[in-house]
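Below is one structure, written out as structure tokens, with a few remarks after it.
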Amino acid sequence: METRFDAIVIGGGHAGVEASRALAVRGFKTALISFDSQKIGAMSCNPAIGGVGKSHLVYEVDALGGLMGVAADHAAIQSRRLNLRKGPAVRSTRVQCDKAHYTQLMSKWVSTLEHLYIYEGEAAGFTWDESSRKVTGVRMKDGALLECRSVVITSGTFMRGLMFCGDERSVGGRVGESAAQFLSDSLEKIGHKLSRLKTGTPARLRASSIRFEGLARQWGDPEKRQFSWRPAEYRLPQLSCFITHTNERTHDVIRANFGSSPLFSGDIVGVGPRYCPSVEDKVRRFPDRERHQIFLEPEGLNTESIYPNGMSTSLPAEVQLEFLRTINGLESVELLRPGYAVEYDTVDPTDLTIGFMSKHLEGLFLAGQVNRTSGYEEAAAQGLWAGINASLWLENRDFVVPDRSRSYLETLVDDLTSVGTDEPYRMFTSRSEYRLMLREDNAHERLYSLGDSLGLLSDEQKRWNDSLQQGLASAMEALGSQRIRLDRDRVISLFEYLKRPEVAWEDLSLELDNRWDDRVLEKVEVKAKYDGYLHKQEQEIEQLRRVRSWALDPSVNVRGVPGLTTEAIEKFEACRPKNVFELGRISGMTPAALLAIVRLAGRGPEDVSRETL
């Protein structure tokens, strides 16, 4: 077994996969340490990739050559576009996956990467040179020492992971797997202050015990939407999900057992995800809600396992069964596995540089849930970023400076390293002040130059990108040159005609032959319909640049400001920014909300009128 490497990645989850690939593709001899080589890229919780905000990250990872999107495409058993009635900035793709197939693909693809070695086992810590404060290797639990110049920790929920189900406690970061018990010690020794976060997962239900008749059925879209530029070699059979709801009887059972929830007993001290609370937390926080929606999602083609999305819990198994059986369709449900919560160690992301390297030890990088984020997609994006910058550090080159106007990936990096978070961070389109410019449809255009300059793109991807741009130019030329008569006196170009809100691309099918694929057509339609909105956003950005040095009244009451989310209000009140620059660093603060606060609380120069905003 090889024992000397350029880089070592600890953890084979979504962050570890993308970090390993970036390092290996750039030619660095890399070891990926995983408890189980057959579970690399495993989907620990829900069986889906994408969703609002998250799908943008998947497209961006794919634009930089990553694997998450193509694995989701190959393993898809349902694909849906979300927010199609809204503007293109918030349109998102969500793919339901066969979890076992997804993991098999990831494990296979990662194992065949040139320059990458898979090392099964548990990392017990990392070593470093005290005088230079540089990392030197990784100690394995079995006593082996692996030498390297760079380490990337992508430990997910495994660092001192502790699982809770009622009053039962077990060590582990995922059911059936142990925890990483010793990595935390190394991080604390070099100066990192760790804190606990919590996540959870629902029970898995036996499909044959569910009465699906009478439940609302939800199919995917007829036309499958792909994340990746790579064509999927085949399409798996498509399955439907089902929708049901909790009710007052469900809530009564949960309320009666609040005392047996480790979430309320004080046993769990970690902060949970704001946007994915446990069902007992929802019942307590929203006592007036008569019901909560549940999506019954199949976890694959060859399994009876059903994932009840929206029912994460750490209540005792017998209580879980009791409240589940009060729900329509689940009256006789059987559990394949009860739900549970996981508490784990995390680092403060403001203790990292813009390249995700520790400020306490050179050559040590961290990515994924260990950086206080939630979700597969956020983890993959961070892993890619850490892998890229670790490879640049090995070359004695500067880190990539995150550009918020270029990607959600870089918005996430900037939010974490500049502002930080004390709860699991989830990506939303509202996190970006440039969201009209950061869309699914233009991810490859936005990131092509970066990926090409770093050597992350294959020749095949470059040819695909060239073909896409040629198709776009051809379509724009055709739309601009061909004319349509509206009436006796008015003749306009097809491009001008397409700008009309009631006109869709399909309406032009008689005027144009079908020369272009869906990606090109979407780009053209967005360009036609939203140029005005993009111009408005550019003006907003220029306004923000002009007022960023203005002082603010930190004591102002912002609860009545239109457009502010609850999260933005809470973070404003916690941060109490003294100027517009600090206000803009608050994650989740939209340009419109920021400008509204400036109008309310701004103290600009005397010779500049705030009305000019």
Side-chain angles (χ1 to χ4, degrees), residues 191-193 195 197 271 274-275 346-356 358-360 371-373 399 401-406 408 410-438 536-613:
H192 281 282
K193 294 181 180 179
S195 62
L197 289 187
V271 179
R274 176 188 295 261
Y275 300 101
T346 66
V347 301
D348 180 350
T350 62
D351 260 356
L352 307 178
T353 69
I354 58 171
F356 279 165
S358 167
K359 292 179 179 178
H360 301 285
N371 288 348
R372 300 183 185 171
T373 60
F399 297 142
V401 177
D403 179 352
R404 296 178 68 91
S405 68
R406 184 166 54 188
Y408 279 100
E410 291 164 282
T411 301
L412 180 153
V413 171
D414 189 50
D415 282 348
L416 291 177
T417 58
S418 299
V419 183
T421 180
D422 55 7
E423 63 186 47
Y425 176 105
R426 184 203 190 281
M427 178 52 71
F428 289 103
T429 52
S430 61
R431 301 251 185 223
S432 175
E433 61 272 40
Y434 303 101
R435 63 188 178 280
L436 289 181
M437 301 175 184
L438 307 182
K536 181 180 177 181
Q537 177 152 89
E538 288 169 358
Q539 289 181 317
E540 275 190 346
I541 292 166
E542 183 55 37
Q543 287 177 333
L544 295 179
R545 288 197 184 103
R546 290 204 304 266
V547 303
R548 50 191 280 134
S549 63
W550 283 20
L552 292 176
D553 176 2
S555 64
V556 71
N557 181 4
V558 299
R559 289 190 173 267
V561 176
L564 278 193
T565 64
T566 300
E567 180 187 8
I569 291 170
E570 290 177 356
K571 290 189 173 180
F572 179 91
E573 292 176 343
C575 299
R576 291 295 175 186
K578 300 181 184 65
N579 54 52
V580 177
F581 177 76
E582 291 181 5
L583 176 65
R585 311 308 290 168
I586 298 177
S587 61
M589 190 69 63
T590 66
L594 192 152
L595 289 170
I597 292 175
V598 170
R599 293 186 182 103
L600 176 69
R603 297 170 174 170
E606 291 182 2
D607 60 338
V608 178
S609 169
R610 277 186 287 157
E611 281 64 37
T612 61
L613 293 173

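Hydrogens, waters and symmetry mates play no part in the numbers below; they use all other heavy atoms, side chains included. Note that the numbering runs from 1 along the sequence shown for the chain. Quick caveat, the model's predicted, so the values are computed rather than measured.
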E410 side chain to P402 backbone, donor-acceptor under 3.5 Å: no
Interatomic distance, D553 atom CG to I597 atom CD1 [nearest 0.5 angstrom]: 12.0 Å
From CA spacing to verdict: side-chain contact (heavy atoms from CB on, under 4.5 Å), R404, L438: CA-CA 9 Å; R404 296 178 68 91; L438 307 182; over 6 Å; no
Are any side-chain N or O atoms of R576 and backbone N or O atoms of V556, one a donor and one an acceptor, separated by less than 3.5 Å? yes
Do the non-hydrogen side-chain atoms of Y434 and R406 ever get within less than 4.5 Å of each other? no
Closest approach of G420 to P349 (non-hydrogen atoms, all atoms of both residues): CA-CG, 4.1 Å
Are the side chains of R426 and T421 in touch, meaning some heavy atoms are under 4.5 Å apart? no
Distance, nearest 0.5 Å, that separates CG of N557 from CZ of F572: 9.0 Å
Closest non-hydrogen atom pair, S432 against Y408: CB-CE2, 3.6 Å
Between atom CD1 of I354 and atom CG of L416, what is the distance when rounded to the nearest 0.5 Å? 13.5 Å
So how far is it from D414 CG to R431 CZ, rounded to the nearest 0.5 Å? 12.5 Å
OG/S405 to CE/M437 distance, rounded to the nearest 0.5 angstrom? 8.0 Å
Are the side chains of D351 and H360 in touch, meaning some heavy atoms are under 4.5 Å apart? yes
Roughly how far, to the nearest 0.5 Å, is the OH atom of Y275 from the CD atom of E423? 7.0 Å
Using only heavy-atom distances, determine whether the side chains of T346 and R372 contain a donor-acceptor pair under 3.5 Å. yes
Note, T353 side chain near K359 side chain (heavy atom, < 4.5 Å): yes
Classify the side-chain pair N371/T373 by whether it contains a donor and acceptor separated by less than 3.5 Å. no
Between L583 and P577, what is the shortest heavy-atom contact and its length? N-CB, 3.6 Å
